[in-house]
Amino acid sequence: MVLRIEDTDADRSRPELIQAIYDSLTWLGIDWDEEYRQSDRFDQYIAAAKTFLDDGKAYYCDCTQDAVKERAEARGAGASGYDSFCRDRDVAPGEGVVIRFLTPDTGTTSWEDAIRGTVEFENALLEDFIIVRSSGVPMFHLANAYDDLDMNITHVVRGEDLVNTTPRVLLLREALGSTEHPMYAHLPLIVNEKRQKLSKRRDDVSVGDYTARGYLPDAMRNYLLTLGWGPKDEIEIRPIQEFVDAFELSDINKSPAFFDIKKLDAFNGDYIRALPIDEFVAQAIPYLGDVDPALFARMAVFVQDRVKRLDEVAPFVDWIHGPPAEPTDKEWKKAMRNEKTSAALTLIAERLATCEWTPEALEAVVFGVGGELDVKTQLPARVAVTGRGSGIPLFEPMAEMDRSVVIERINAALAKLA
RNA sequence: GCCCCCAUCGUUCAGCGGCCUAGGACACUGCCCUUUCACGGCAGGAACACGGGUUCGAAUCCCGUUGGGGGUGCCA
């Protein structure tokens, strides 16, 4: 596999952006054995452009962008783009001069797309596009056509937003002397809730957005696989190799797919639960905050099936050695609504002062009082001790705490109740 | 404006002329499990955009309408 960094536009090729490409591919487990940068190969593209010039397949043009636009507007509705103004003007190279590719005025350019079938464009509609900027830097299409040929690229799989530019590359390849072309496959776009193409500005599209929130690469990869394609047996979560075996480019859908974060969450939760416990602990450590990793390791088995993302782990355990949460009114009322709760908590606090300090003993105290007073005591005790209305089983983490702290928290709850 | 493309439950995928009174997953609702919340189990509501054809038969093929998206850069 070849990794080609298409950095013909200096503005968009900042080091951190290129680093993001490496990071994303690595995170997803995609690896490559050859690497090229188009910025290292400008000479070759320019040389190719020069032969086009010599062969009359390209020409210099000194029209300004404004002039091109003005003439297009003057021509009125229907036509846009460049009007071939300089084709026969014999413009000399120099300041502000670009090289344009001479596109045919008749005929059609078409290809058999692996996903879309036959796609055909009228050549008359293709403008004489720029292949070398006035700065002397080659443009994407030229570099692309040249490299695909030079590197014997067999498959070009990319977003549907590139279909319209494919004829340009095809024409360029032809000019370069190629009679064949790679298999093109134009993928449906992944869209946001507004059904629009994901944009870097508005939407989370980089891997960093997802690692920060604790998504597992395998889960992401698996979820992405179910967008625009699905296995015929309808089993959506399975080992990657099974997908590889079943996958067929031609089975990919043509319509755009919404990136449903809720479903990604569900997949991620599945993958988290499938992790061996020590692997889960290892993965969760970066998301722990102030929580002691050893303590977390002891509680991990209770946390594992309660999270969909790794960044959700801390709140399940941070109250054990850290301060309790502040319960919401709703949580508090739900837990404390029974009038016997106050008496129960009082009794519990008393017995906690002297009981054995093990999960079993703590459970016996809390449930024992509940049984005697015929009131549910687990939730009130939980809210008093953790500050939250839900969470991992109560007694194991409680046994990790100091006796005095537990009693103190229950007394504080009692004070609030009074 | 012009060019290209798309159209099955809320979302996503299955369906490629009869197996479809349309299936799975996510989400949602209810029940079971549980002295929290999850996990797990069970059940339920929920879709072939519309109109014409073709055919004995259409979600599946063709045409149109409507709706949506992409492109239209000296970006990729």
Side-chain angles (χ1 to χ4, degrees), chain A residues 6-9 11-13 38 61 63-65 68-69 72-73 75-82 96-100 113 115-117 119-122 125-127 129-141 143-144 158-167 186 188-189 191 193-197 223 225-237 251 253-267 269-270 273 302-308 316 331 334-335 363 366-367 370-371 375-383 386 388-394:
Chain A
E6 308 202 315
D7 53 350
T8 49
D9 181 0
D11 290 346
R12 299 188 176 208
S13 308
Q38 291 186 328
C61 166
C63 295
T64 64
Q65 296 181 64
V68 171
K69 204 170 155 192
E73 272 162 20
R75 265 175 287 137
S80 75
Y82 184 64
V97 175
V98 301
I99 301 177
R100 287 183 182 273
D113 196 277
I115 295 170
R116 272 145 224 287
V119 185
E120 188 174 58
F121 287 82
E122 205 88 40
L125 264 8
L126 299 174
E127 60 174 323
F129 56 93
I130 295 174
I131 54 177
V132 179
R133 300 166 162 94
S134 59
S135 63
V137 174
M139 294 270 297
F140 160 71
H141 301 106
N144 211 333
R158 21 124 93 146
E160 142 173 53
D161 50 343
L162 276 314
V163 243
N164 301 265
T165 70
T166 304
H186 287 93
L189 261 18
V191 298
E193 62 291 334
K194 288 159 75 186
R195 298 240 125 232
Q196 282 166 344
K197 180 174 142 182
Y223 172 65
L225 233 5
T226 68
L227 254 28
W229 179 83
K232 307 226 182 290
D233 62 12
E234 304 187 319
I235 299 171
E236 288 183 317
I237 296 185
D251 289 335
N253 277 162
K254 300 181 189 72
S255 42
F258 169 60
F259 187 87
D260 186 0
I261 196 84
K262 282 245 188 78
K263 188 158 181 176
L264 205 216
D265 283 348
F267 275 44
D270 240 71
R273 269 173 260 124
F302 305 118
V303 178
Q304 189 170 18
D305 62 9
R306 288 178 169 76
V307 294
K308 289 186 155 70
F316 281 98
E331 281 174 324
K334 187 184 173 201
E363 179 171 351
V366 172
F367 282 1
V375 59
K376 301 236 172 138
T377 50
Q378 189 271 154
L379 186 57
R382 169 183 300 280
V383 171
T386 76
R388 294 197 171 91
S390 66
I392 60 175
L394 186 58

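Within every chain, numbering begins at 1; the chains are lettered A, B, ... in the order of the sequence lines, protein sequences first and strands thereafter. The figures that follow rest on heavy atoms only: side chains count, while hydrogens, waters and symmetry mates do not.
Across all their heavy atoms, A:Glu331 and A:Val383 have their closest contact at O-CG2, 4.3 Å. Residue A:Ala257 comes nearest to A:Gly228 through the heavy atom pair CB-N, 4.3 Å, listed as atom of the first residue, atom of the second, then distance. Closest non-hydrogen pair, A:Arg158 versus A:Asn144, comes out as NH2-ND2, 4.2 Å.
Of the C1' atoms belonging to B:rC31 and B:rA49, the separation is 36 Å, rounded to the nearest Å. The same atom, P, is picked in B:rC39 and in B:rC4; the two are 49 Å apart, to the nearest Å.
With a cut-off of 3.5 Å on both Watson-Crick or G-U wobble distances, the partner of B:rA14 is given as none. Across all strands shown, B:rC48 has no partner, as no Watson-Crick or G-U wobble contact with both distances under 3.5 Å is found. In a base pair of the Watson-Crick type (N1 to N3 plus N6-O4 or O6-N4) or a G-U wobble (N1-O2 and O6-N3), with each distance short of 3.5 Å, B:rU36 is matched with no nucleotide. Nucleotide B:rU66 forms a pair with B:rA7, judged by Watson-Crick or G-U wobble geometry with both contacts under 3.5 Å. Base pairing annotation: B:rC31 forms a Watson-Crick or G-U wobble pair with B:rG41, both donor-acceptor distances under 3.5 Å. Nucleotide B:rU54: unpaired (no Watson-Crick or G-U wobble partner with both distances less than 3.5 Å). Shown here, B:rG1 forms a base pair with B:rU72; the pair counts as Watson-Crick or G-U wobble because both key distances fall under 3.5 Å. Within the shown strands, nothing qualifies as a pairing partner of B:rC20 under the Watson-Crick or G-U definition with both distances less than 3.5 Å.
Residue A:Leu162 is classed as a base contact, given a heavy-atom separation below 4.0 Å to a base. Across all strands, A:Gly228 comes closer than 4.0 Å only to sugar-phosphate atoms, never to a base (heavy-atom distances). Nucleic acid contact for A:Asn253: sugar-phosphate only, since backbone atoms but no base atoms lie under 4.0 Å from a heavy atom of the residue. Note on A:Thr377: a base of the nucleic acid sits closer than 4.0 angstrom, heavy atoms only. At the heavy-atom level, A:Pro393 lies under 4.0 Å from base atoms of the strands shown. At the heavy-atom level, A:Lys69 lies nowhere under 4.0 Å from the strands shown.
A:Thr8 has a side-chain polar atom (N or O) that falls below the 4.0 Å cut-off from OP1 or OP2 of B:rA76. Contact annotation: A:Lys308 side-chain N/O to B:rA38 OP1/OP2 distance is not under 4.0 Å. For A:Lys232 and B:rG15, the shortest distance from a side-chain N or O to OP1 or OP2 is below 4.0 Å. Taking only side-chain nitrogens and oxygens, A:Arg12 never comes nearer than 4.0 Å to OP1 or OP2 of B:rG73. The side chain of A:Gln378 contributes no N or O atom lying less than 4.0 Å from OP1 or OP2 of B:rU36.
Atom-to-atom distance recorded for A:Ile237:CD1 and A:Leu225:CG is 11.5 Å, nearest 0.5 angstrom. Expressed to the nearest 0.5 Å, how far NE2 of A:His141 lies from CG of A:Leu162 amounts to 7.5 Å.
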Do any N or O atoms of the protein come closer than 3.5 Å to N or O atoms of nucleotides 3-5 of chain B, and which pairs are they?
unit_1	atom_1	unit_2	atom_2	d
B:rC5	O2'	A:Arg116	NH1	2.9
B:rC5	O2'	A:Glu160	OE2	3.2

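To the nearest angstrom, P of B:rU34 lies 14 Å from CD of A:Glu363. If you take CG of A:Asp305 and P of B:rC37, they are 14 Å apart, rounded to a whole angstrom. Distance A:Asp161 CG to B:rG71 C1': 9 Å, rounded to the nearest Å. In this structure, A:Leu227 places its CG atom 10 Å from C1' of B:rU11, rounding to the nearest Å. As rounded to whole Å, 15 Å separates atom C1' of B:rC74 from atom CZ of A:Phe140. Spacing between atom CD1 of A:Ile261 and atom P of B:rU12 amounts to 15 Å, rounded to whole angstrom units. Between the C1' atom of B:rU11 and the CG atom of A:Asp265 lies a distance of 14 Å, rounded to the nearest Å. When the P atom of B:rA25 is taken as reference, atom CG of A:Asp260 falls 15 Å away, rounded to whole Å.
Residues from residues 130-137 of chain A with heavy atoms under 4.0 angstrom of RNA chain B, sorted by number: A:Ile130, A:Arg133, A:Ser134.
Scanning atom types as modelled, no donor and acceptor separated by under 3.5 angstrom connect the side chain of A:Arg195 and the base of B:rU11. Between the base of B:rA25 and the side chain of A:Lys263 there is a donor-acceptor pair shorter than 3.5 Å. If you check distances only, the side chain of A:Gln196 never reaches the base of B:rG69 with a donor-acceptor pair under 3.5 Å.
At distances below 3.5 Å, not a single donor-acceptor pair connects side-chain atoms of A:Asp161 with backbone N or O atoms of A:Leu189.
Proximity note for A:Phe367 (side chain, C-beta onward) versus B:rA76, B:rC74, B:rU35: the nearest is B:rU35. With B:rU36, B:rA25, B:rG40 as the candidates, the nucleotide lying closest to the side chain of A:Arg273 is B:rG40. If you check B:rU36, B:rA7, B:rG69 against the side chain of A:Ser255, the one that comes closest is B:rA7. Nearest nucleotide to the A:Phe258 side chain, out of B:rA27, B:rU12, B:rU36: B:rU12.
Residue A:Ser134 forms a side chain to side chain contact (heavy atoms under 4.5 Å, CB included) with just one option from A:Val98, A:Val97, A:Ile99, A:Thr64, and that option is A:Val98.
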